[in-house]
Number of protein chains: 2
Amino acid sequence: MSGMVEASPDGRPTPATLHDVAREAGVSVATASRALNGSTRNVRTENVSRVLAAAAKLDYEPHLSAQAIAKGSTRTAALVVGDVADPYFSSIAAGVTRAAEAAGLIVTMAVADRSPERELEIVRTLRGQRPRVIIIAGSRVDGAGTRDALVEELAQYRTAGGRVVLISQQDLPFGTVTIDNRGGAGQLARALAGAGYRRFAVIRAPERVRTSRERVDGFTEGLREAGVSLDDRFVVETEFTRAGGYAAARELAGRGLDGIEVVFAVNDVMAIGAMTAFRDAGLVPGEDIAVAGFDDIGSAVDVVPALTSVAVPLEEAGASAMRLALAEGSETVRIETRVILRESTPPR
Amino acid sequence: MSGMVEASPDGRPTPATLHDVAREAGVSVATASRALNGSTRNVRTENVSRVLAAAAKLDYEPHLSAQAIAKGSTRTAALVVGDVADPYFSSIAAGVTRAAEAAGLIVTMAVADRSPERELEIVRTLRGQRPRVIIIAGSRVDGAGTRDALVEELAQYRTAGGRVVLISQQDLPFGTVTIDNRGGAGQLARALAGAGYRRFAVIRAPERVRTSRERVDGFTEGLREAGVSLDDRFVVETEFTRAGGYAAARELAGRGLDGIEVVFAVNDVMAIGAMTAFRDAGLVPGEDIAVAGFDDIGSAVDVVPALTSVAVPLEEAGASAMRLALAEGSETVRIETRVILRESTPPR
DNA sequence: TTGAAAGCGCTACCAT
DNA sequence: ATGGTAGCGCTTTCAA
């Protein structure tokens, strides 16, 4: 009894409408609507079953757009990420969709390609969707001019009743899930100093990449507390990618380690690229040069030696963002991080 | 001049509507609509600018749902994946969104959690969205009963004018992007035999995981062609995850390698887990035991030894799926794979 | 408990 | 070139 698709006047088949269901059930559209979702109370049980049967027979699916416009609100949540293929973002995306689906929301996802301009553009068109919530898992980049425009756009959206939550972009006036980059990096620095390391190098992303900046600041701070200083010569700036990490490590290895005992890369992807570069340069990671990263992505335990890192519960961060967006009050949720020492930084 | 949000009668601020824009510009809604998107030809340039200015001033964004219902079609593409956090799916997702955005489509994503039942449920509710296209990056699992229901549901959707494309689930009657699992695995088997390997083990997922089945079949076939046979005792079945790979390898190592020279895991994630397990068991991957995987995920080159694998251009597969969905005719696109020998399988 | 009908925001047709 | 208006599919008063 399925395969029931009405043929419209012009011959093109058309999905069944509420109207069709009502007619099939021999009731009015109002009653059909009520039977399908409105307070079932006020409709004779017999009619309820008639409508349900008709709907099933016609394979009816309510037109979400029509519902949205009639009700004045949608059941969608919009998620903006920098790059889905990056485990950092895809983990967050997993958490967001899990929580969204639990709340009966449909997730629409846009990829900003790590560009603040694109991010702004996306948010702009997203508003047209009238999503219930917009979650931005930041490009982790400060876009000078675009920043104000983005804030403006989001404020606008919120004024109109939307909920916005930012992941890892504190000090913007919205709900925020922050990741304790500074604290985690500080802990890591102290842990490494405690393990006997004294001569450090850092592989970082450009200044405008906020996440990187915070991690470097926290790390430097942690070293200072441990009474160790960081020589600027050993801070190399590169792209926030595996390739960047590889290139930076090659440069370090190329100019001679010069006494460096350990290098901290601001994320695991870069750290792993760096380990490979060291190895390619004839250095044995964990013996000739220790390496530490940040994020504790899954593959951290599969590289050799296993990578010391700072664990960030990314999926949890995504889920928290969604819950925060759905909650009424809410301000800021802080995601704690935790240092995990592994073989890539043996005690010395 | 922004921050213009009308206050509705009940006090709650409301986003500007086309009506507001028209009033602000001193024209009719019809003209405003035309100025904003209809053939700009039939509207006095002066009015066009008035409307544009008004829209900018009011920070107007067209209500997509309203447009959808008025026009009878949306600008969305729906993507269902098994698990976003898995690099296999997130790479595909990256390709799909890239191509979708290029075509001006909004992507909505749902996660099926590798469950055919959930997949069916998702497709059902997706139909309510009236997306232009539905792309399913399969759960890679054959769900006995649900399969027919899924086909039915999708057929329904297509009859109503929707486009459906399946990734890696051939022999379903829809547009399909197939990945040459069988061929790639066959090539790999021959390459390994050519490198001197004779005694093989296989780490596979359960029979109902189609991708796994195809890769095993292709591999066995390739071995046969090379005149090598595969002993059933050395085919171990496990979960289609890193943990599964780890467990299987531990089992193999635990009962003694028994002459096995190389193990093929049906995907990289499993292969990498297996390498770690071997190492934990005191075996050196690439020396004591060779390992090969499938997919060539990014981290294949970052593990030690670098992992021999079969490259699958996943992002390309995702983009192809989108293009296929948008194209008129079209049937099946085949994504070719390519064997990449690395240090995990040295010649012997 | 039910149905008629007034919108929701927008597009497109028909006049003008 | 422009405006009036009839829908699009649905929800939600308002009467009956």
Side-chain angles (χ1 to χ4, degrees), chain A residues 5-6 8-10 12 14-51 54-55 58-75 127-130 160-161, chain B residues 5-6 8-10 12 14-51 54-55 58-75 127-130 160-161:
Chain A
V5 173
E6 305 287 309
S8 61
D10 74 333
R12 275 269 283 99
T14 258
T17 71
L18 184 58
H19 220 91
D20 303 329
V21 174
R23 189 155 35 71
E24 174 77 28
V27 300
S28 72
V29 283
T31 299
S33 172
R34 283 185 283 246
L36 257 13
N37 47 46
S39 28
T40 315
R41 308 228 143 273
N42 326 321
V43 58
R44 271 212 333 263
T45 36
E46 191 204 316
N47 277 337
V48 173
S49 23
R50 295 174 72 86
V51 171
L58 300 182
D59 236 314
Y60 171 75
E61 266 317 319
H63 193 306
L64 263 29
S65 289
Q67 289 194 152
I69 164 178
K71 298 213 250 225
S73 77
T74 62
R75 300 280 314 160
R127 275 183 43 214
Q129 253 191 79
R130 306 288 189 273
Chain B
V5 173
E6 306 287 309
S8 62
D10 74 334
R12 274 270 282 96
T14 258
T17 71
L18 185 57
H19 222 90
D20 303 330
V21 173
R23 189 155 36 72
E24 174 78 28
V27 300
S28 72
V29 281
T31 299
S33 173
R34 281 185 286 245
L36 257 14
N37 46 45
S39 28
T40 315
R41 307 228 144 270
N42 326 321
V43 94
R44 266 208 341 258
T45 37
E46 191 204 314
N47 277 336
V48 173
S49 23
R50 295 174 73 86
V51 171
L58 300 182
D59 237 312
Y60 170 74
E61 269 314 320
H63 194 306
L64 263 29
S65 289
Q67 289 193 153
I69 167 178
K71 298 213 252 227
S73 77
T74 62
R75 301 279 315 160
R127 275 182 44 213
Q129 254 191 79
R130 307 287 190 272

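We name chains A, B, ... by the order of the sequence lines, and we start the count at 1 in each one. For the numbers below, each heavy atom of this structure counts, side chains included, while hydrogens, waters and symmetry mates do not.
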(request) Go through the structure and list residues passing side-chain hydrogen bond (donor to acceptor under 3.5 Å, both in side chains) with A/S28, not counting sequence neighbours. (result) A/T31
(message) Please find the pair of heavy atoms, one from A/L36 and one from A/Y60, that lie closest to each other, and give the distance.
(response) CD2-CE2, 3.8 Å
(message) Treating A/N47 as the side-chain partner and A/R44 as the backbone partner, does any N or O pair qualify as donor plus acceptor under 3.5 Å?
(response) no
(message) One character per nucleotide, please: for nucleotides 8-16 of chain D, 5' to 3', B when the base has a protein heavy atom closer than 4.0 Å, S when only the sugar-phosphate does, - otherwise.
(response) BBBBBB---
(message) Restricting to side chain to side chain contact (heavy atoms under 4.5 Å, CB included), what partner residues turn up for A/A54, sequence neighbours left out?
(response) A/V21, A/E24, A/A25
(request) With rounding to the nearest 0.5 Å, note down the distance linking CD1 in A/I69 to NE2 in B/H63. (result) 6.0 Å
(message) Both atom distances under 3.5 Å, Watson-Crick or G-U wobble: I'd like the secondary structure of DNA chain C as a dot-bracket string, with | for pairs made across strands.
(response) ||||||||||||||||
(request) Working to the nearest 0.5 Å, report the span between CG of A/N37 and CG of A/L18. (result) 8.5 Å
(request) With sequence neighbours excluded, tell me which residues meet salt bridge (Lys or Arg N to Asp or Glu O under 4.0 Å) with A/E61. (result) none
(request) Side-chain contact test, heavy atoms from C-beta onward, threshold under 4.5 Å: evaluate it for A/R127 versus B/D59 and give yes or no. (result) yes
(message) What is the first contacted nucleotide of DNA chain C and what is the last, in 5' to 3' order, if contact means an atom lying under 4.0 angstrom from a heavy atom of chain B?
(response) C/dG9 to C/dC13
(request) Hey, could you give me the CD/OG distance between B/Q129 and A/S65, rounded to the nearest 0.5 Å? (result) 8.0 Å
(message) If we ignore hydrogens and angles and just use 3.5 Å, is the side chain of B/T74 paired with the main-chain N or O of B/R130 as donor and acceptor?
(response) yes
